[in-house]
Every structure is written in C-alpha cells, then in structure tokens.
> 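Here it is: the structure, laid out below.
No hydrogens, no waters, no symmetry mates; every other heavy atom, side chains included, goes into these values. Note that ligands are numbered from 1 as they come in the structure, with each ligand's atoms numbered from 1 the same way.
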Amino acid sequence: PLARLGIALELARKKAGPAAEDSLDRIERESSILNEMIGQLLDLSRAEAEFGQDFAEPGDLLGLIEAGIDDANFEARAADRGVVLEAPEALPPVPMNRELVRRAVENIVRNALRYTAEGTRIEVRVTEREKEGRPGVSIRIRDFGPGVPEGELPRIFQPFYRTEAARSRDTGGTGLGLAIAQRAAAVHGGSVTAENAAGGGLSVELWLPK
Ligand SMILES: Nc1ncnc2c1ncn2[C@@H]1O[C@H](COP(=O)(O)OP(=O)(O)O)[C@@H](O)[C@H]1O
Ligand SMILES: [Mg+2]
C-alpha cells in the first residue's frame with residue numbers, strides 16, 4: 001500500500017498543480033514516517049517472536065559492529081558527524097541472532113548520531129565485561145549531545161516514548177528504536193542501559209552474555 005500511495009501522490013502532484021503542493025508534501029512526509037514506523041513495529045514483533053530461542057550459533061559480533069559503523073559513518077558524513085570505534089583485536093564467539101543484534105546496534109548508533117552535536121564524533125567502545133557475575137561483551141555508545149533529563153531516563157525504552165526535547169526539535173523518529181534494542185538484547189539474556197555521561201552526552205550500553 002505504501003508503494004501505491006507513493007505513485008498516487010506523484011499522479012496527484014501532476015494533476016493538482018502548485019496550489020496543492022504544501023498538502024501533498026505533508027502527505028509524503030507523513031507517509032514516510034508511517035513507513036518507518038511499520039518497519040520498526042515489525043522489528044519489535046520479530047524480537048518478541050524470538051523469545052525463548054536458543055542461539056547455538058556463535059556469531060562474529062565484531063564484524064557486525066564494524067559493518068554497522070561503516071553504514072552509519074556513510075550516512076552521517078554530510079552532517080559532519082561520525083563514529084570512532086575502540087575495540088579489541090578479537091572477541092570471543094557470542095551466541096546470537098545476527099539480525100536482532102544488528103538492529104539493536106543500528107538503533108542505538110543512529111540515535112547517538114542524531115543527537116550528538118554537529119562536528120562531534122560519537123564513541124563506540126567494545127570490551128569484554130562481566131555483568132552480575134556473568135561473562136559477556138559490552139558495547140558502549142557515547143555521544144556528545146544534550147543527554148536525557150535524569151527523570152526521563154527509564155522511560156526512553158518504552159515503545160513510542162520520546163522526550164519533550166526530541167518531540168519539540170522534531171528530529172524525526174518514532175520512539176521505537178530503543179524498545180527494539182532492549183527487546184533484542186533481552187532475547188539474548190542481555191540488556192540495554194542508558195546514563196548521562198560525565199561532561200555531557202548520553203552513554204548507552206548494550207551488553208550480551210557470551
Ligand atoms: N543519544 C541520545 N541523546 C539524547 N536523547 C536520546 C538519545 N537516544 C535516545 N534519546 C531519547 O530517547 C527517545 C527514544 O529513543 P528511540 O526509542 O530510539 O526513539 P526515536 O529515536 O525514534 O525518537 C528519543 O526520542 C529521545 O528523546
Ligand atoms: Mg531512535
């Protein structure tokens with residue numbers, strides 16, 4: 001339906017002329033948000049469907065992160081933002097659903113790039129780290145943006161929740177990215193947490209057991 005909507009929009013543009021341009025632009029913008037939202041909702045339900053699965057296949061987590069950062073750097077270069085990766089030479093194999101982990105990393109990195117100040121480089125730090133006595137891998141993504149008011153921190157993981165600042169700046173987005181990341185991590189027995197970094201910016205940690 002979205003593809004047909006796009007075609008109908010183009011036809012409407014030709015027939016209607018300049019008077020309808022603003023409204024048609026609006027329809028186009030809103031349908032692209034709708035498109036993103038549907039994609040995100042599908043990701044969310046995919047993650048939910050994987051609950052209780054066993055991931056016997058260990059995957060190349062480092063390769064996955066590097067590929068995600070390449071894509072993000074490519075998209076962000078025009079906005080004078082970028083990503084710096086700090087990672088060990090190699091990581092232990094991590095049992096995972098590649099697609100879910102890819103989505104989790106992508107959503108967190110995209111947020112960081114969206115909110116970090118122009119001209120800054122977000123930092124992605126990968127380390128082996130125990131959490132609550134379990135060995136695992138930590139992927140910490142830190143930006144140099146405004147961070148999130150302390151009181152709102154727990155809520156940014158709720159589906160559709162967007163902070164006041166995000167809504168009023170109209171940065172785009174659906175409020176589903178972090179909910180997807182958190183569910184994707186939970187499927188693996190891992191977690192996503194966020195805190196304001198010393199010196200400003202948000203620091204988000206994706207942790208996966210190995
Ligand atoms: N790096 C960040 N810096 C500041 N605020 C953030 C950051 N990441 C997420 N947020 C806040 O958390 C909200 C939820 O994030 P998310 O679920 O990815 O939704 P979306 O990006 O679609 O708005 C955002 O709307 C924003 O208010
Ligand atoms: Mg997001």
> Might you work through the side-chain contact (heavy atoms from CB on, under 4.5 Å) test for Arg142 and Ile122, ending with a clear yes or no?
CA-CA 6 Å; Arg142 188 253 158 96; Ile122 68 164; over 6 Å; no
> Just wondering, more than 12 heavy atoms not from Phe74 lying within 6.0 Å of its CZ?
no
> Checking Glu10 now: which residues fulfil side chain to side chain contact (heavy atoms under 4.5 Å, CB included) with it, not counting sequence neighbours?
Arg13
> With a 3.5 Å cut-off and no angle check, do the side chains of Thr163 and Glu152 form a donor-acceptor pair?
no
> Per the salt bridge (charged side-chain N to carboxylate O under 4.0 Å, His left out) rule, what does the pair list look like for residues 182-198, sequence neighbours excluded?
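Listed once each, the pairs are Glu48-Arg183, Arg140-Glu195.
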> Using a strict cut-off of 4.0 Å, indicate which atoms of ligand 1 neighbour a heavy atom of Val148.
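Counting from 1, the qualifying ligand atoms are 4 (C), 5 (N), 6 (C).
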> Apply side-chain contact (heavy atoms from CB on, under 4.5 Å) to the pair Ser203 and Ile141, showing each step before the final yes or no.
CA-CA 6 Å; Ser203 177; Ile141 294 121; over 6 Å; no
> Number the atoms of ligand 1 from 1 as they appear, then name those within less than 4.0 Å of a heavy atom of Asp143, with their elements.
1 (N), 2 (C), 3 (N)
> With a heavy-atom distance limit of 4.0 Å, tell me whether Leu202 approaches ligand 1 through its side chain, its backbone, both, or neither.
side chain
> Heavy atom under 4.0 Å from ligand 1: found in Thr116's side chain, backbone, both, or neither?
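For Thr116, no heavy atom sits under 4.0 Å from ligand 1.
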> Examine ligand 1 and decide if any of its atoms is less than 4.0 Å from a heavy atom belonging to Pro146.
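No, that is not the case, since the closest heavy atom of the residue is not under 4.0 Å from the ligand.
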> Does Asn107 have a non-hydrogen atom less than 4.0 Å from ligand 1?
no
> Quick one: do Asp80 and Arg121 make a salt bridge, cutoff under 4.0 Å?
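The answer is yes: the pair qualifies as a salt bridge.
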> If you leave out waters, which protein N, O or S atoms are less than 2.8 Å from the Mg ion (ligand 2)?
Asn111 OD1
> Would you check if Arg81 and Phe144 make a side-chain contact, meaning some heavy-atom pair closer than 4.5 Å?
no
> Please compare Gly177, Gly175, Ser203 and report which has the shortest non-hydrogen distance to atom 20 (P) of ligand 1.
Gly175
> Going by the rule salt bridge (Lys or Arg N to Asp or Glu O under 4.0 Å), which residues pair with Arg155 if we only count those two or more places apart in sequence or in a different chain?
none
> Kindly identify the option in Phe144, Phe157, Tyr161 whose heavy atom sits closest to atom 13 (C) of ligand 1.
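Closest candidate by heavy-atom distance is Tyr161.
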> Should Arg114 be listed as contacting ligand 1, given a heavy-atom distance under 4.0 Å as the test?
yes
> Are there over 12 heavy-atom neighbours, none belonging to Glu30, within less than 6.0 Å of that residue's CD?
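Atom CD in Glu30 is crowded, with more than 12 foreign heavy atoms closer than 6.0 Å.
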